[in-house]
**Student:** 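One structure is given below, represented as structure tokens, and several questions about it will come after.
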There are 2 protein chains.
Amino acid sequence: MQITSRFTIAVHIITAIDYFKGMYRVNSEFLAGSAGVNPVIVRTVIGMLREAGIVETRRGAGGAELKKPLDKITFYDIYMAVDSVNEEEGLFHFHEQPNPDCPVGRNIHKALGARLKAVQKTMEEEMKKVTVDDVVKETRRAIMEESAQTIESESNADIREEK
Amino acid sequence: MQITSRFTIAVHIITAIDYFKGMYRVNSEFLAGSAGVNPVIVRTVIGMLREAGIVETRRGAGGAELKKPLDKITFYDIYMAVDSVNEEEGLFHFHEQPNPDCPVGRNIHKALGARLKAVQKTMEEEMKKVTVDDVVKETRRAIMEESAQTIESESNADIREEK
DNA sequence: GATAGTTGTAATATAACATATTACAACTAA
DNA sequence: TTAGTTGTAATATGTTATATTACAACTATC
């Protein structure tokens, strides 16, 4: 099982909001086109990012913009914002009915649960060390290299642009 | 989304195999009763643990036993054995159709994927540090405390036993 | 202030996947 | 030979994520 794609969609959205700001009206339709998902999903994810104070949106006119500098938005912030993992249940799925009539069944949960929580914590701490800025910078670099190659190959000027 | 309960079931099974060895015939039915899951699930999980060289089973007579000492079985071993996370796809679910006509859409995957893989790696390294022995020891301690309390309270001798 | 375009959200549908269940052939200890 | 068990396939059920449809609330702009 995997952590919801809302997480990677959120990172994509934030990156795109930053990249296209000023160039396009960055609304849910536009972002949905970039990420290849449904506009309603984008609105849902953006709604969650808004509640977390990461983006700002406007009805009517449309368009989203960032409320925090990229290097202050960690993977953990996003992970929490989009409810990547159920708060109560945690990352690991427990089998729910260990037999209370069995000594192992009624006593393992505590020992196991504590250790799984610790593993999850380790992962989350690691996510605090990564920011969207890291992704944006590398993505921008990749885009530049891409166009550099196009020029290098002296092919022609049909540089593809997003619609 | 969560990591499959096969993982916690596997830890439970290994713990129970150790705890009840010699006392009961530890077959899939018995273990299913302890963990509160279907016997076929137990057989499936045990099958995966067998392929990983962690347990041994016998047809006919039934019963499973451990092939490795508890302190040599790490959470990571089990996590890998029961395919907790899809080998190719990883822990994080990527939105699969980022728009190739969009510079962000066709360039973000690499930067984002590398960082998610690193996070996953951190988690897995942490899982290598925990062994089933840790869980078994604490569970045994809990069981002892439990019966100590029963004696302490001088209630009576109706110490519950697994069926 | 009417209009056109957008967000926020509910309701529902579809798809994907995990777990449960049924069934039975292969096997083994006694 | 028998009784009991494993291994596994096939199928059912349940749960969750994502997609889709629909529309009221809202806002910039003409």
Side-chain angles (χ1 to χ4, degrees), chain A residues 1-10 12-13 17 24-33 35-52 55-65 81-98, chain B residues 1-10 12-13 17 24-33 35-52 55-65 81-98:
Chain A
M1 215 45 166
Q2 297 179 299
I3 288 174
T4 175
S5 62
R6 279 198 306 274
F7 177 79
T8 57
I9 292 170
H12 187 129
I13 285 173
I17 290 174
Y24 295 90
R25 180 137 31 109
V26 187
N27 60 26
S28 65
E29 187 103 18
F30 179 88
L31 291 168
V37 298
N38 193 282
V40 179
I41 302 293
V42 170
R43 284 180 226 144
T44 305
V45 170
I46 286 187
M48 292 171 136
L49 294 173
R50 176 165 31 80
E51 279 182 36
V55 305
E56 205 161 32
T57 54
R58 273 186 311 282
R59 285 193 171 186
E65 59 186 69
V82 303
D83 293 343
S84 299
V85 164
N86 185 303
E87 187 81 34
E88 298 112 50
E89 306 198 6
L91 179 61
F92 293 87
H93 187 197
F94 252 103
H95 53 298
E96 299 297 350
Q97 300 89 1
Chain B
M1 217 44 166
Q2 298 179 297
I3 289 174
T4 175
S5 62
R6 280 197 305 273
F7 177 79
T8 57
I9 293 170
H12 187 129
I13 285 173
I17 290 174
Y24 295 90
R25 180 139 28 110
V26 186
N27 61 26
S28 66
E29 188 104 17
F30 179 87
L31 291 168
V37 298
N38 193 282
V40 179
I41 302 293
V42 170
R43 284 181 225 143
T44 305
V45 171
I46 284 188
M48 291 170 136
L49 295 174
R50 174 165 32 81
E51 278 181 37
V55 304
E56 205 161 31
T57 54
R58 274 187 309 282
R59 284 193 173 187
E65 59 185 69
V82 302
D83 293 343
S84 299
V85 164
N86 185 302
E87 187 81 33
E88 299 112 49
E89 306 198 6
L91 179 61
F92 293 87
H93 187 196
F94 251 103
H95 52 300
E96 301 296 350
Q97 301 89 0

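Order of the sequence lines fixes the chain letters, A, B, ..., with proteins taken first and strands second; residue numbering starts at 1 for each chain. All heavy atoms count here, side chains included; hydrogens, waters and symmetry mates do not.
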**Student:** Please list, chain by chain and in numerical order, all residues satisfying side-chain hydrogen bond (donor to acceptor under 3.5 Å, both in side chains) with A/R58, sequence neighbours excluded.
**Tutor:**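 Scan of A/R58 (side-chain hydrogen bond (donor to acceptor under 3.5 Å, both in side chains), adjacent residues dropped) gives none.
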**Student:** Got a donor-acceptor contact below 3.5 angstrom from the B/T8 side chain to the A/H93 backbone?
**Tutor:**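 Flag set: sc B/T8 to bb A/H93 pair under 3.5 Å.
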**Student:** Taking side chain as C-beta onward, heavy atoms only, is A/V45 less than 4.5 Å from A/V37?
**Tutor:**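 Counting from C-beta outward, A/V45 and A/V37 never come under 4.5 Å.
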**Student:** Side-chain N or O of B/S28 less than 4.0 angstrom from OP1 or OP2 on D/dT6?
**Tutor:**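 Answer yes for this pair, as a side-chain N or O of B/S28 is under 4.0 Å from OP1 or OP2.
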**Student:** Between A/T44 and C/dG8, is there a side-chain N or O to OP1/OP2 distance below 4.0 Å?
**Tutor:**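 No, because none of the side-chain N or O atoms of A/T44 sits under 4.0 Å from OP1 or OP2 of C/dG8.
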**Student:** Taking the side chain as every heavy atom from C-beta outward, state whether B/L91 and B/I3 have any pair of such atoms under 4.5 Å apart.
**Tutor:**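 They are in contact (side-chain heavy atoms under 4.5 Å apart), so the answer is yes.
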**Student:** C/dT9, D/dA28, C/dT19: which one has an atom nearest the side-chain heavy atoms of A/R50?
**Tutor:**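 In terms of side-chain proximity for A/R50, the closest of C/dT9, D/dA28, C/dT19 is C/dT9.
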**Student:** Is there any protein nitrogen or oxygen under 3.5 Å from a nitrogen or oxygen in nucleotides 19-25 of chain D, and what are the pairs?
**Tutor:**
| residue | atom | partner | partner atom | Å |
| --- | --- | --- | --- | --- |
| D/dT20 | OP2 | A/N38 | ND2 | 3.1 |

**Student:** Grab the CD-P distance between A/E65 and C/dT7 for me, whole Å please.
**Tutor:**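 A/E65 atom CD is separated from C/dT7 atom P by 13 Å.
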**Student:** Look at the side-chain N and O atoms of B/S5 and state whether any lies under 4.0 Å from the OP1 or OP2 oxygen of C/dT19.
**Tutor:**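 Looking at the OP1 and OP2 atoms of C/dT19, one of them is under 4.0 Å from a side-chain N or O of B/S5.
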**Student:** Does some side-chain heavy atom of A/R43 sit less than 4.5 Å from a side-chain heavy atom of A/V40?
**Tutor:**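 A/V40 vs A/R43: side chains touch.
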**Student:** Please tell me which of the listed nucleotides, D/dG7, C/dT19, D/dT18, lies nearest to the side chain of B/T57?
**Tutor:**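 Closest nucleotide to the B/T57 side chain: D/dG7.
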**Student:** Check this one for me: any side-chain N or O of B/R6 less than 4.0 Å away from OP1 or OP2 of C/dA18?
**Tutor:**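 No, because none of the side-chain N or O atoms of B/R6 sits under 4.0 Å from OP1 or OP2 of C/dA18.
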**Student:** Counting N and O atoms only, with roles assigned by atom type, does the side chain of A/Q2 sit under 3.5 Å from a partner on the main chain of B/G90, one being a donor and the other an acceptor?
**Tutor:**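 Indeed, once roles are kept as given, a pair shorter than 3.5 Å links the two residues.
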**Student:** Rounded to whole angstroms, how far apart are CZ on B/F7 and C1' on C/dT19?
**Tutor:**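 Atom-to-atom, B/F7 to C/dT19, this comes out as 18 Å.
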**Student:** Find the distance A/I46:CD1 to C/dT6:C1' and express it as a whole number of Å.
**Tutor:**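 To the nearest whole Å, that distance equals 12 Å.
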